[in-house]
Trainee: 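Before I ask anything, let me first share the structure, which is written out below as structure tokens.
For ligands, and for the atoms within them, numbers begin at 1 and follow the listed sequence.
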Amino acid sequence: MHMPAQRELRLAKRMTRLGTETAFEVLVKAKALEAQGRDIVHLEIGEPDFDTPKNIIDAAADAMRTGFTHYGPAAGLPQLRETIAQYVSETRKVNVSPDEVVVVPGGKPIIFFSILSLVEQGDEVIYPNPGFPIYESMIQFLHAKAVPIRLREEMDFRLDVDELASLITDRTRLIIINSPQNPTGGVLEKKDLDGIACAIGDRNIMVLTDEIYSRLIFDGEHHSIMSIDGMKERSILLDGFSKTYAMTGWRMGYGVMRPDLAAHIARLMVNSNSCTASFTQVAGVEALRGPQDSVTQMCAEFKKRRDAMVAGLNKIKGFSCRLPKGAFYVFPNVTKTGWPSKRLADALLDDAGVSALSGTAFGSFGEGYLRFSVANSIENIQKALDRVGTWANKNL
Ligand SMILES: Cc1ncc(COP(=O)(O)O)c(C=O)c1O
């Protein structure tokens, strides 16, 4: 039988501008090595290794049995929007009403939808580098100009407000900030946020404030730019359930923004997802209203692991590591190894069976760093440290 030749895939040009999140690729590579019989310590992926608390799982199961298996409103179930509005009002000390809340499948869609709805081709978007790679990917995909602000180790990876001020132009449409930060664990202080608000002044610039790690703070407390006078109507808060309640696979997050923008983001939801899964949202109400001890316990455990990881890394030849103040990553400086970050990450996986990410997976200013997630047991962290130490003694 005659088989037709495979036709050329005619991909839209915009796809060449779409980036990715390397963590998922490295995870696939590490899993492939495991399938060949290798023992790998996974410190690449950014998700809590804990199970979702039982009360949340029970709430979802009950919801499935009581009819929450249908479409719901695009912006989210009213009871969840109400709960989120109350939660954000209390934690950010602002007045939020339910029509300012849009529930989406994970925190990520808020990044895409904010840029999609606010930024024209050629507009400038300022974003942290090293930073969560989806910001740069989405900015470029949507044909905007990506303007990185470098986060510096000597500032504990907080951003330099004067530098930010120097990057703002008449074309700046959006500034993305992230605290606690992925990948550095840097946390913005109140004075930094005051400085950012001051640098923006009365310009009509929106701020996408990614606070997905807001409950994972080890020293001090979380501050939001939303709480600053005059900033609420220019802020889009991104937060969610993935990291706080170990719910990464559930896919549920939310944005909080002025109601007229919320209506447009809801329209993007109608066009893309219809709605976030209904029973998941019922569980979201339980997550926010139910007992919070699991959050406290997880945070305390991450802190112990952070301390062990940082202390261990600082004893390894060529590595030096600051103490991150939040999230569950450590970001050691590896310039003294003399190895480029990507080659070093590859070698640690291939030779030592430790899966970490190159700092360059988070932008060009990540060169000279690696990211290790501490979302793994103390035993595995110790095993990873032993392996990296042995590797360094042999190869450096
Ligand atoms: C800074 C930051 N923002 C947003 C997200 C997305 O979270 P979600 O899994 O809820 O989409 C992540 C996940 O790694 C993140 O690190």
Trainee: For K145, does the NZ atom sit with more than 12 other heavy atoms under 6.0 Å from it, leaving out its own atoms?
Mentor: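 No, not enclosed.
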Trainee: Among all protein non-hydrogen atoms, which one is nearest to atom 14 (O) of ligand 1, and what is the separation to 0.1 Å?
Mentor: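 Its nearest protein heavy-atom neighbour is K243 NZ, 2.7 Å.
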Trainee: So if I count the atoms of ligand 1 from 1 in the order they appear, which ones are less than 4.0 Å from some heavy atom of N178?
Mentor: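 Counting from 1, the qualifying ligand atoms are 1 (C).
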Trainee: Could you tell me whether the side chain of F157 reaches within less than 4.5 Å of the side chain of R152, counting heavy atoms only?
Mentor: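 Not in contact.
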Trainee: Would you mind listing which atoms of ligand 1 come within a distance below 4.0 Å of any non-hydrogen atom of G106?
Mentor: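 Selected atoms, number and element: 10 (O), 11 (O).
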Trainee: Taking distance alone, with N or O pairs closer than 3.5 Å, would you say R251 contacts ligand 1?
Mentor: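 Among all N and O atoms of R251, at least one is under 3.5 Å from an N or O of ligand 1.
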Trainee: Give the contacting part of Y213 toward ligand 1: side chain, backbone, both or neither, where contact means a heavy-atom distance below 4.0 Å.
Mentor: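 The answer is the side chain.
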Trainee: At what distance is the nearest protein heavy atom to atom 10 (O) of ligand 1, and which residue and atom is it?
Mentor: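 Going by distance alone, atom 10 (O) of ligand 1 is nearest to S242 OG, 2.6 Å.
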Trainee: Name the closest protein heavy atom to atom 2 (C) of ligand 1, giving the residue it belongs to and the distance to 0.1 Å.
Mentor: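 Ranking protein heavy atoms by distance from atom 2 (C) of ligand 1, first comes D210 OD2, 3.4 Å.
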Trainee: Using only heavy-atom distances, determine whether the side chains of Q281 and S278 contain a donor-acceptor pair under 3.5 Å.
Mentor: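 No donor-acceptor contact under 3.5 Å links the two side chains.
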Trainee: Any ion pair linking K325 and E189 (charged N to carboxylate O, less than 4.0 Å)?
Mentor: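 Looking at E189 and K325, the cut-off is not met.
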Trainee: Are there over 12 heavy-atom neighbours, none belonging to D219, within less than 6.0 Å of that residue's CG?
Mentor: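 Yes, CG of D219 has more than 12 neighbouring heavy atoms, counting only those of other groups under 6.0 Å.
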Trainee: Taking atom types as modelled and ignoring hydrogens, do the side chains of S214 and D239 form a donor-acceptor contact shorter than 3.5 angstrom?
Mentor: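 Yes, side-chain donor-acceptor contact under 3.5 Å.
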Trainee: Just to confirm my output: which protein heavy-atom neighbour is closest to atom 12 (C) of ligand 1, and how far is it?
Mentor: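 So the nearest neighbour among protein heavy atoms is F132 CZ, 3.4 Å.
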Trainee: Compute the shortest N/O to N/O distance between T248 and ligand 1 and return yes if it is under 3.5 Å, no if not.
Mentor: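 N/O-N/O distance under 3.5 Å: no.
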Trainee: Counting only nitrogen or oxygen atoms and a 3.5 angstrom limit, does Y135 reach ligand 1?
Mentor: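 There is no such contact.
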Trainee: Taking atom CZ of R17 as the centre, report whether more than 12 heavy atoms of other residues, nucleotides or ligands fall under 6.0 Å from it.
Mentor: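 Atom CZ in R17 is packed in, count exceeds 12.
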Trainee: Strictly by modelled atom types, are Q292 and Y245 linked by a side-chain donor-acceptor pair under 3.5 Å?
Mentor: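 Judged by distance alone, the side chains do pair up.
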Trainee: Return the residue, atom name and 0.1 Å-rounded distance of the protein heavy atom closest to atom 6 (C) of ligand 1.
Mentor: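 Result: K108 N, 3.9 Å.
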Trainee: Is there a nitrogen or oxygen of G107 sitting under 3.5 Å from a nitrogen or oxygen of ligand 1?
Mentor: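 The answer is yes, given that G107 and ligand 1 share an N or O pair closer than 3.5 Å.
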